[in-house]
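Inspection log for the structure reproduced underneath, given as structure tokens.
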Amino acid sequence: MKPKLFILNMPFEDGPGKMWICSHCALIEGALSVNTHWEDMVEVRRIAFPKPRKEVVDILGEENQWLPVLILENNKTITEPTEIINYLAREFSGAAVHL
């Protein structure tokens with residue numbers, strides 16, 4: 001099973017005429033842009049901002065809609081963006097987060 005990475009499709013509207021990005025998802029998009037091979041190894045799903053986020057709810061339940069989320073085997077999850085990126089770098093090679 002490929003890991004599943006859920007991130008918000010950006011920009012998104014939250015309030016009349018208010019457009020936003022998710023800083024956590026933007027960090028992951030940046031890592032994906034320099035580690036293009038990850039998209040072959042991970043099922044990346046860019047989903048809409050409004051809740052309920054059916055695709056995530058179907059796997060993790062309604063109380064676990066926080067994004068970004070990387071879903072591994074047995075529905076183990078990683079939600080911290082730096083941890084997601086470093087996990088992908090370890091598992092599939094590529095650039096990790098420099099601290």
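For the atom pair CD (Glu29) and CG (Leu8), the distance works out to 10.0 Å, reported to the nearest 0.5 Å. For the atom pair CD of Glu43 and CZ of Phe6, the computed distance is 7.0 Å after rounding to the nearest 0.5 Å. Separation of atoms CG (Asn9) and CD1 (Ile21) is listed at 12.5 Å; rounding is to 0.5 Å. Rounding to the nearest 0.5 Å gives a distance of 8.0 Å between CD1 of Ile28 and CG of Leu88. The structure places OG1 of Thr77 at 8.5 Å from CG of Leu70, a figure rounded to the nearest 0.5 Å.
Within a 6.0 Å sphere centred on CD of Glu73, heavy atoms belonging to other residues, nucleotides or ligands number 12 at most.
In terms of heavy-atom proximity, Trp38 sits nearest to Ala31 at CZ3-CB, 3.9 Å. Counting all heavy atoms, side chain and backbone alike, Ala95 lies closest to Asn35 at N-OD1, 2.7 Å. Shown here for Met41 and Pro3, the closest heavy-atom pair between the two residues is O-CD, 3.7 Å. Nearest approach of Trp20 to Asp14, heavy atoms of both residues: NE1-O, 3.2 Å. Across all non-hydrogen atoms, the minimal contact from Val44 to Arg46 is CG1-NH1, 3.5 Å. Taking all atoms of both residues into account, the shortest heavy-atom contact from Leu27 to Pro81 is CD2-CB, 3.9 Å.
Within the 4.5 Å cutoff, the side chain of Phe49 has no heavy atoms near those of the Cys22 side chain. Ile84 is listed as a side-chain neighbour of Pro68, based on a closest heavy-atom distance under 4.5 Å.
Put simply, Leu67 and Met10 are part of the same group of oily side chains (I, L, V, M, F, W, Y) that touch within less than 4.5 Å, one to the next. Tracing side-chain contacts under 4.5 Å through hydrophobic residues (I, L, V, M, F, W, Y), one reaches Val69 starting from Phe12; they form part of the same cluster. A single hydrophobic cluster is seen to contain both Ile78 and Leu32, as judged by linkage of ILVMFWY side chains at heavy-atom distances under 4.5 Å, directly or through other members. A single hydrophobic cluster is not seen to contain both Val42 and Ile59; linkage of ILVMFWY side chains at heavy-atom distances under 4.5 Å, directly or through other members, places them apart. There is a path of hydrophobic side-chain contacts, each under 4.5 Å, that joins Ile85 to Leu5.
A distance-only check finds no donor-acceptor pair linking the side chain of His24 to the backbone of Thr79 [under 3.5 Å]. Lys2 places a side-chain N or O within 3.5 Å of a backbone atom of Asp40 that can act as its donor or acceptor partner. Side-chain atoms of Glu39 do not come within 3.5 Å of backbone N or O of Thr36 as any donor-acceptor pair. Checking side-chain atoms of Asn75 against main-chain N and O of Leu60 turns up no donor-acceptor pair under 3.5 Å.
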Problem set entry | side chain to side chain contact (heavy atoms under 4.5 Å, CB included) between Leu99 and Val97, intermediate numbers included | CA-CA 6 Å; Leu99 301 175; Val97 175; 3.8 Å; yes
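Note: Phe92 and Tyr87 have perpendicular aromatic rings, judged against thresholds of 30 and 60 degrees for the angle between ring planes.
By the 4.0 Å N-to-carboxylate-O rule, Lys76 lies too far from Glu83 to be salt-bridged with it.
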